[in-house]
Amino acid sequence: MQTFVHQKILISKIHKEKREYNMAIKELETVLSFEPQNAEAHILLGLVYQEKMQYDLALENIRIALKLDPLNGTILTLMGNIYNLRGQYELAEKEYKKAIELKAKNSDDAHFELGRIYEMFNKYNDAIGEYELSLDIGYRKDALLKLIQLYRLTGRCESIEKRVADSLKEVPKEDVFLRNLLLNELEMAQGKTILSSKVRSFTITLTNRCNLSCSACEARRYKWEMPRKTAEEIMAFFPYLEYIMWQGGEVFLVDYFSDILEETKRYPNIKQLIVTNGMLLSEDLIEKLVIQPSVVLAISVDGVTKDSYENIRKGASFEKLISTINVINSKRKQHNSDLHLHLNVTIMKSNYHQLLDFIEFAREYGFSSVLFRPVQGNFDSEENIFYNRDDDALNYMAAINCSLIEKAREYKIALDNRIPVPPNSSALDANNKNVCMGQDGCKKIMCYAPWQRLYISWDGNVYPDCMCVWPPDDGIANVKKASIKDIWNNEGMQFYRRKLLDNSHKDICSPDCIAGNIPERYLKFNR
C-alpha cells in the first residue's frame, strides 16, 4: 500500500507541474480514499486548488494538514499564502509569524511574504527588515531584487553598493539578465550618467495603422510602422529585459509581431503587456496568447454601454468586444493560463461619468487591473476636459476618487488612476519631498526612467518614457537615424539623467509627474 500511495503522490506532482490540475486532483483523491489522514496529500491538494484559484478548497485542505501536523511551520506558511491571495493580510501576517516562531523549513518564504505585505502598505523599513532576514536564511533572487528596490526608494545607496557587490560574487556569469539588473541598480545608486548596464524596459509603438477610427486618437494623423531593423535591434536586448509594452495603432496588424512573440518565449524574465482594441482577436490567436508566458493583455475600452463604446471607438462592435472577452476567459480557464486582463480607459467628456461603471465592468469580465488616463492632444475638441478645463467634470472626478479606490480594493482590482488633479502648491510641495537626502546621505531622485527605460513613439522618436515631454518635437533621437545601442547613452539621455540628479528637471518633465499625479512606484521602479 505504501508503494501504491507513494507512486500516486509522485504522479500527482507531475500533473501539477504540467498544470494538469484535474488529473492531479483525481490522483490525490485516490490517495485520500485509502489514507484520509495523509498530510502530504492534503498539502498537495491545497496547492493544486490554490493554483486553480479555488482558495476555499485550498484552505480547507491546508487546515486538515495542519490538524494532522500542528507544529509544522511549513504548513503555516502555506496557509499564510492562501490568506494573502484572498487579500486577508492580517490573517496572513499572523500565520507567517507563527511559522517563523516554529523555525519552519520555508521560513525564508514567510519572511519574504511578510516583506511583501509590509511593502504593500508602505511600511518600507519593516519590509526591508523582512527581506534582509529572508536573504540571511538563504540566497533568493526575488528577495534580493525587492530589497535593492526599497534601498533605492528610501535612499540607502551605501546599502545598495554593498549588497550588489556581495551578490555579484554569487551570480553566474552566464546569468546576463541578473548581472545587468544589479549593475544597473549600482549605477543608479552611484549617479552615473553614462551607463555600462543595458536598457531594462521598452514601450514600443509598432504601427499607427488601425482597424478603428477612435475619436480621441491622435496617432492616426501620422504614418508609422517600425522598421524590421529596429525590431531586430530590440530583440537583441531580450536577454536583459524585464518588461516590454507593445502598442499601436493596432499591434495585430503588424505581420512580424507573431514572430517577435514567439522569440520572447526563450526569455522567461520578460513580462509583456500587449495593448489591443480586441477586434482582431480570433479564437486561434487567443489560444496562442493564453499559453504565452508572462503576458498581460490590455484591452482598450472607453465605454461600458454599446452607445458610448461605439460612439468613441468608431468601427468597433460592443457585441464583438464582449464575445471576445468571454472567449479569452474561457480559454484562460481551459488552459489554466496565467494571462491577465488589463482594462485601458482613456477619460474624456463622453465617458468621465462612467468611471465607477468601468470598475464594475472590470469585475464582471475578469480584468485584474484598470488604468484611467486623460485624453491626449485633441486640444480643439471639447472632449479634452483637462486642457479645455471643464470644472464640472473635474469636480465630479475628484468627488468620486475615494469611491473608485474603495471599489477597486473591494474587488481586488489594481487601479492605476492617472487623472490629473488641478495643479496647486501643496501638490508641488509634497512632490519636492521626494528629492531629499536618504538615510545614508544618498540623494533621492524623483524619477529613474532615464536609467531603466526607452519609449519609441508613434513617429519613431525616442524618449525615456511615454510621460516625458522634452524635447517636444523630435525626441532625443529617432530610430530611423540612430541605433538603440547609441541612443541609450546619447547626449539626450545623459541630459535627462543629469537634470534629475541636479533636481533641475522641471523644464523637461511632465507637469503630471512634477505635480505628483503619477504614482511614485511608476516613476521609481521598472515595471
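Rounded to the nearest 0.5 Å, atoms CD1 (Ile160) and CG (Leu182) are 11.0 Å apart. Taking CG of Asn329 as the start and OG1 of Thr324 as the end, the distance is 11.0 Å to the nearest 0.5 Å. Here Arg332 contributes atom CZ and Asp338 contributes atom CG; the two are 10.0 Å apart, rounded to the nearest 0.5 Å. From Asp459, atom CG reaches atom CG of Asn478 across 6.5 Å, with rounding to the nearest 0.5 Å. Atom NE2 in His505 sits 11.0 Å away from atom OG in Ser510 (nearest 0.5 Å). Here the OG-CD distance, from Ser294 to Gln272, works out to 8.0 Å after rounding to the nearest 0.5 Å.
Of all the heavy atoms in Leu341 and Gly366, the pair that sits closest is CB-O, 3.9 Å. For the residue pair Asp302 and Thr346, the shortest heavy atom distance occurs at OD1-N, 3.0 Å. For Pro464 against Pro450, the heavy-atom pair with the smallest separation is CB-CA, 3.8 Å. Pairing each heavy atom of Glu287 with each of Lys331, the nearest pair is OE1-NZ, 2.7 Å. For the pair Leu241 and Val199, the tightest heavy-atom approach, listed with the atom from each and the gap, is CD2-O, 3.4 Å. Residues Ile413 and Ser369 come closest through the heavy atom pair CG2-CA, 4.0 Å.
Surrounding NZ of Lys314 are more than 12 heavy atoms belonging to other residues, nucleotides or ligands, all under 6.0 Å away. Environment of NZ in Lys320: crowded, with over 12 heavy atoms of neighbouring residues, nucleotides or ligands closer than 6.0 Å. Heavy atoms of other residues, nucleotides or ligands lying less than 6.0 angstrom from CD of Glu382 number 12 at most. A 6.0 Å sphere centred on NZ of Lys288 holds no more than 12 heavy atoms belonging to other residues, nucleotides or ligands. Other residues, nucleotides and ligands place more than 12 heavy atoms under 6.0 Å from the CD atom of Gln334. Within a 6.0 Å sphere centred on NZ of Lys480, other residues, nucleotides and ligands contribute 12 heavy atoms or fewer. The local environment of CE in Met53 is sparse, with at most 12 non-hydrogen atoms from other residues, nucleotides or ligands closer than 6.0 Å. Taking a 6.0 Å sphere around NZ of Lys306, one finds it holds more than 12 heavy atoms contributed by other residues, nucleotides or ligands.
Between the side chains of Asp465 and Tyr522, a donor-acceptor pair is found at a separation under 3.5 Å. Of the N and O atoms on the side chains of Tyr118 and Glu93, at least one donor lies less than 3.5 Å from an acceptor on the other residue. In summary, the side chains of Ser215 and Glu383 do not present any donor paired with an acceptor at a separation below 3.5 Å, with no hydrogens or angles considered. Looking at Tyr124 and Asn122, their side chains do bring a donor and an acceptor atom within 3.5 Å of each other.
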Determine whether Leu339 and Gln292 satisfy the following criterion, side-chain contact (heavy atoms from CB on, under 4.5 Å), listing intermediate values before the conclusion.
CA-CA 8 Å; Leu339 179 141; Gln292 182 90 18; over 6 Å; no
Is there a side-chain contact (heavy atoms from CB on, under 4.5 Å) between Ile385 and Met397? Walk through the geometry before answering.
CA-CA 11 Å; Ile385 52 181; Met397 289 186 285; 3.8 Å; yes
Test log, rule salt bridge (charged side-chain N to carboxylate O under 4.0 Å, His left out), inputs Lys123 and Glu130:
CA-CA 11 Å; Lys123 297 179 180 179; Glu130 295 299 332; over 6 Å; no
Please evaluate residues Asn351 and Tyr309 with respect to the criterion side-chain contact (heavy atoms from CB on, under 4.5 Å), reporting the C-alpha separation (whole Å), side-chain torsions for both, the decisive distance (0.1 Å), and the verdict.
CA-CA 9 Å; Asn351 67 2; Tyr309 173 79; over 6 Å; no
Going through the distances and angles, do Ile260 and Phe238 end up as a side-chain contact (heavy atoms from CB on, under 4.5 Å)?
CA-CA 10 Å; Ile260 294 176; Phe238 281 2; 4.0 Å; yes
Verdict with reasoning, Arg228 to Glu232, per salt bridge (charged side-chain N to carboxylate O under 4.0 Å, His left out):
CA-CA 6 Å; Arg228 277 185 176 268; Glu232 291 169 1; 5.7 Å; no
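Residues Met493 and Asn490 have side chains in contact (heavy-atom distance under 4.5 Å, counting atoms from C-beta outward). Side-chain contact between Glu242 and Lys271 is absent, with no heavy-atom pair separated by less than 4.5 Å. The shortest side-chain heavy-atom distance between Tyr463 and Val469 does not fall under the 4.5 Å cut-off. Under the 4.5 Å side-chain criterion, counting only non-hydrogen atoms from C-beta, Tyr411 is in contact with Glu360. Contact check for Leu281 versus Leu297: side-chain heavy atoms found under the 4.5 Å cut-off. Ile476 has its side chain within reach of Pro471: a pair of non-hydrogen atoms, C-beta onward, lies under 4.5 Å apart. Annotation: side chain of Cys447 is in contact with side chain of Leu500 (closest heavy-atom distance under 4.5 Å). You'll find the side chain of Arg363 stays beyond 4.5 Å of the side chain of Lys407, heavy atoms only.
In this structure, the side chain of Asp390 does not engage the main chain of Met348 through any donor-acceptor pair within 3.5 Å. Remark: side-chain polar atoms of Gln376 are paired, donor with acceptor, to backbone N or O of Pro374 under 3.5 angstrom. When atom types are taken as modelled, the side chain of Asn388 and the backbone of Ser381 share a donor-acceptor pair closer than 3.5 angstrom. For the pair Glu187 (side chain) and Leu195 (backbone), a donor-acceptor distance under 3.5 Å is absent. Judged by distance alone, the side chain of Trp451 and the main-chain N or O of Lys192 form a donor-acceptor pair under 3.5 Å. No donor-acceptor pair under 3.5 Å is formed between the side chain of Ser323 and the backbone N or O of Glu319. A donor-acceptor contact shorter than 3.5 Å is absent between the side chain of Trp246 and the backbone of Leu261. The closest donor-acceptor contact from the side chain of Lys499 to the backbone of Ser504 lies under 3.5 Å. Not one N or O on the side chain of Asn277 forms a donor-acceptor pair closer than 3.5 Å with the backbone of Glu250. Side chain of Gln247 to backbone of Thr203: no donor-acceptor contact under 3.5 angstrom is found.
Just one residue in the list Asp502, Thr193, Asn489 forms a side chain to side chain donor-acceptor pair (under 3.5 Å) with Arg497, and that residue is Asn489. For the side chain to side chain contact (heavy atoms under 4.5 Å, CB included) test with Ile299, the passing option among Asn344, Ile328, Ile274 is Ile328; the others fail.
Ring geometry for Phe318 versus Phe361: interplanar angle of 30 to 60°, hence tilted.
A cation-pi arrangement is absent between Lys146 and Tyr131 under the rule of less than 6.0 angstrom and at most 45 degrees off the ring axis. Figure legend: Arg409 and Tyr89 shown without cation-pi pairing, the cationic atom not lying both under 6.0 angstrom from the six-membered ring centre and within 45 degrees of its axis. Under a cutoff of 6.0 Å and an axis angle of 45°, Arg152 and Tyr448 form a cation-pi pair.
A salt bridge is absent between Arg116 and Glu119: the closest approach of a Lys/Arg side-chain nitrogen to an acidic carboxylate oxygen does not fall below 4.0 angstrom.
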